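Side-chain atoms are counted along with the backbone in the values below, which use heavy atoms only and exclude waters and symmetry mates. This structure is a prediction, so every number in the text was calculated from the model and none was measured.
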Amino acid sequence: MRFSKGMLELIEELKFQAGQLPLDWVEVTGKAAQAYVGRLRTLLERAGQEANEAELRGAASDLLALFAGNHDEELLRRRIELGRKLGVAEVSLEQMVTAYGFFFGRWCDELVPLIHTLERELKSFKYGGTSLLIDLGLLLLGYRGEVARQMQMFSTVDVLTGLLSRRKFEEELQQAIEFARCTKGEFSLYWIDIDNSKLINDIYGYTVGDIVLKVVAGFLQESFPDAFTIARIGSDEFGIVLMDTGPAEALAKAQVLCHGIAELQSRPLGEEGIFITSSIGVASYPHHGQALADLMLAAEVAQVTAKRKGRNRAQLIDAVDESTNPTVVHERILLLREALRSKECIVPFYQPIVDLETGKPLGYEVLARVRRGEKFLSAGLFIEAAEQSGLMKDIGNIVIEQAMREKKSSWAKSKLFFINFSMRELENRETPGFLADLFSRYGIRPEEIVAEITEREAVLDINAMHAFAKELTDLGVRLAVDDFGSGFSSFIYLRYFDCYFAKIEGSLVREITRSGRSRMIVENMVKLLQGLSIEVVAEFVENRETAEILRRAGVRYGQGYYLGMPVRCPGNGD
């Protein structure tokens, strides 16, 4: 056996570096070798081969010697010979890669208590890891010839669960599409995500996490013995195809499946049970897509929607609602990415907030618009795509900075700018600093900026909410509750935060001309807010009658198409 000059130089370097490892090998090698032997035995038994214990332990000993810096030719020959035997046993390349990933993970777990964070030690450990990769390469050298066709990075079976792999699943899904197209039939696709898999891995480790995934895989096979295909399509995600199953039936079955998964209790740690929940997205052919990519996207979007709605539920993709239609969302994401490359395509529009007594604007709400040719797309057309793609922060920053520049215009002087912040902004602790920098750079008086905190999403972390609000008020920014009356969070805001404005939710305002109940609700909300010395703004004021009812109810400010449309430049503000 001959090695290149470069390979020999690398081996010499590895010998030296691995020899510097400050490890107590007696303490560590036992468990690591046992893990390696166990995984090799499993691979051979799956391939129907009898495992020779002495040979397995010899293989483990060789691997540990290689890791410790022993790279003599006889040892390397034995590693290549082991690769040939594994090849003859039809152990696939993907199985070997998975086995090495498992072994290296277990090795790291055993070494963590022994390694201090000194740079030299970590560097030496890195060289030991490189030795493992070289060893994997040596094993693969033994695959040449008799099992060359098995040297594919993607096998048809997921090693951990025994289900189909992602690649094979997509092939099966394409067959289902072609069959349904020929027979003019229908079928449904499930995209199943295990909600708390990351938490399980973080608390109990990946070995327990793998056990949970195998439990779920087994339950899926038991629940759908006649499924067209079941596969593991991601680290903690599964896919199922059910033929001759329409949207309504598929959703009903998915809800039963979701409930069944929630009742599973895996007990890999003895008496302590691990509870599992899932978010399931449902899409159907041909209703939600007729191409493989469209169907998978639809099911994944439905799964993400289920997760956003609170997890532990099943969600059918809504093909009628353009905000969740996967094709439409994808097109809008591409449009937003293109607009972000040219920042001139994302601009602020301004809608006046008017004093109902005088007709004069108190200020303007800053609204994001995306330029497309000669037209401007309103936020309602792209906000869902922006949030799903993680682009909302970038769009908001561009619009806010441009609004701060335009705050010095003659029409905007002494007027308030109302800027909307969603619950997701609470997670971005950079926002107050970003605003402070803009105030300094453009000479803005903070008291002329009103931060609207929307209630479209529930308050999940009241402490984060409080910290965010405090940082803004410390800057001098005024706070406003947006969509007041749309949920119970409104009253949490009133209890904990010093709000200057409250904007009454638009659907209530729209109904006051034809619903006595809505009018009574609005009138009593106004009394409550006035009792707390909070200025009231009514949204969606769309006609004179609505404006007059609000004015008589004591509402001082209004916003809506009757009072003023959103425009790019309000002119002199009259």
Side-chain angles (χ1 to χ4, degrees), residues 163-195 216-234 236-264 277-332 384-385 388:
L163 300 178
L164 295 185
S165 66
R166 167 76 175 253
R167 182 182 184 182
K168 186 62 176 177
F169 179 76
E170 292 182 1
E171 292 177 3
E172 297 280 318
L173 179 58
Q174 185 60 47
Q175 291 179 16
I177 291 172
E178 292 168 3
F179 178 79
R181 185 180 295 130
C182 292
T183 60
K184 301 189 184 308
E186 61 182 356
F187 68 85
S188 291
L189 166 65
Y190 291 169
W191 190 297
I192 305 165
D193 180 89
I194 306 306
D195 290 328
V216 173
F219 182 72
L220 296 180
Q221 290 175 304
E222 291 175 10
S223 301
F224 296 100
D226 299 324
F228 185 78
T229 186
I230 303 177
R232 184 184 178 198
I233 57 177
D236 56 359
E237 295 170 318
F238 299 89
I240 300 178
V241 173
L242 300 178
M243 300 303 292
D244 301 316
T245 307
E249 182 184 358
L251 178 60
K253 289 182 176 180
Q255 289 168 338
V256 173
L257 175 62
C258 193
H259 181 72
I261 291 174
E263 290 186 335
L264 290 174
T277 62
S278 63
S279 298
I280 304 177
V282 183
S284 299
Y285 174 95
H287 314 280
H288 308 124
Q290 300 183 33
L292 184 145
D294 289 343
L295 276 172
M296 292 193 72
L297 178 60
E300 186 176 15
V301 168
Q303 177 265 120
V304 171
T305 303
K307 197 172 282 289
R308 289 176 57 190
K309 287 185 174 181
R311 308 186 179 195
N312 193 24
R313 67 188 64 214
Q315 176 72 41
L316 178 69
I317 189 71
D318 187 352
V320 178
D321 183 359
E322 285 197 341
S323 68
T324 58
N325 183 285
T327 302
V328 174
V329 170
H330 180 63
E331 290 174 352
R332 289 176 181 170
E384 186 74 21
Q388 285 191 23

Exercise. Does a side-chain heavy-atom distance below 4.5 Å link Phe238 with Ile233?
Worked result: no
Exercise. Quick one: are Leu163 and Phe169 in side-chain contact, heavy atoms under 4.5 Å?
Worked result: no
For this session: State the CD1-OG1 distance between Ile317 and Thr305, to the nearest 0.5 angstrom.
Result: 5.5 Å
For this session: Please assess Glu170 against Leu292 for the test side-chain contact (heavy atoms from CB on, under 4.5 Å), listing each intermediate value before the final yes or no.
Result: CA-CA 8 Å; Glu170 292 182 1; Leu292 184 145; 4.2 Å; yes
Exercise. With a 3.5 Å cut-off and no angle check, do the side chains of Ser188 and Thr245 form a donor-acceptor pair?
Worked result: no
Problem set entry | salt bridge (Lys or Arg N to Asp or Glu O under 4.0 Å) between Glu178 and Arg181, intermediate numbers included | CA-CA 5 Å; Glu178 292 168 3; Arg181 185 180 295 130; 5.6 Å; no
Exercise. Can you name the residues that form a side-chain contact (heavy atoms from CB on, under 4.5 Å) with Ala176, not counting sequence neighbours?
Worked result: Phe187, Phe228, Val241, Met243
Exercise. Looking at residues at least two apart in the chain, or sitting in another chain, which of them share a side chain to side chain donor-acceptor pair (under 3.5 Å) with Gln315?
Worked result: Lys309
Exercise. Are any non-hydrogen side-chain atoms of Trp191 and Val304 less than 4.5 angstrom apart?
Worked result: no
Exercise. When rounded to the nearest 0.5 angstrom, what distance separates CG in Leu173 from CZ in Arg166?
Worked result: 10.0 Å
For this session: Find out whether His288 and Leu316 are in side-chain contact, i.e. whether some heavy atom of one side chain is under 4.5 Å from a heavy atom of the other.
Result: yes
Exercise. Got a sec, which pairs hit side-chain hydrogen bond (donor to acceptor under 3.5 Å, both in side chains) with one end in residues 217-234, sequence neighbours left out?
Worked result: Asp158-Arg232
Exercise. Going through the checks in order, is the side-chain contact (heavy atoms from CB on, under 4.5 Å) test met by Asn312 and Ser279?
Worked result: CA-CA 5 Å; Asn312 193 24; Ser279 298; over 6 Å; no
Exercise. Who are the side-chain contact (heavy atoms from CB on, under 4.5 Å) partners of Glu186, not counting sequence neighbours?
Worked result: Pro247, Pro286, His287
For this session: Mind checking the CD1-CG spacing from Ile177 to Asp294? Nearest 0.5 Å is all I need.
Result: 9.0 Å
Exercise. Can you check whether Leu189 reaches Met296 side chain to side chain, under 4.5 Å on heavy atoms?
Worked result: yes
Exercise. What pairs with Lys253 under salt bridge (charged side-chain N to carboxylate O under 4.0 Å, His left out), at least two apart in sequence or on another chain?
Worked result: Glu249
Exercise. For Ile280, does its backbone N or O pair with a side-chain atom of Tyr190 as donor and acceptor, under 3.5 Å?
Worked result: no
Exercise. Side-chain contact, heavy-atom cut-off 4.5 Å: Ile192 with Ile240?
Worked result: yes
Exercise. Excluding sequence neighbours, so at least two apart, what forms side-chain contact (heavy atoms from CB on, under 4.5 Å) with Glu263?
Worked result: His259
Problem set entry | Straight-line distance of Arg311 CZ to Gln303 CD, nearest 0.5 Å | 9.5 Å
Problem set entry | Polar contact flag, side-chain donor to acceptor under 3.5 angstrom, Thr277-Asp195 | yes
Exercise. Given side chains that start at C-beta, do those of Asp193 and Ser278 come closer than 4.5 Å, heavy atoms only?
Worked result: no
For this session: Report yes if the side chains of Arg313 and Lys307 come closer than 4.5 Å at any heavy-atom pair, otherwise no.
Result: no
Exercise. Roughly how far apart are Phe224 CZ and Phe219 CZ, rounded to 0.5 Å?
Worked result: 8.5 Å
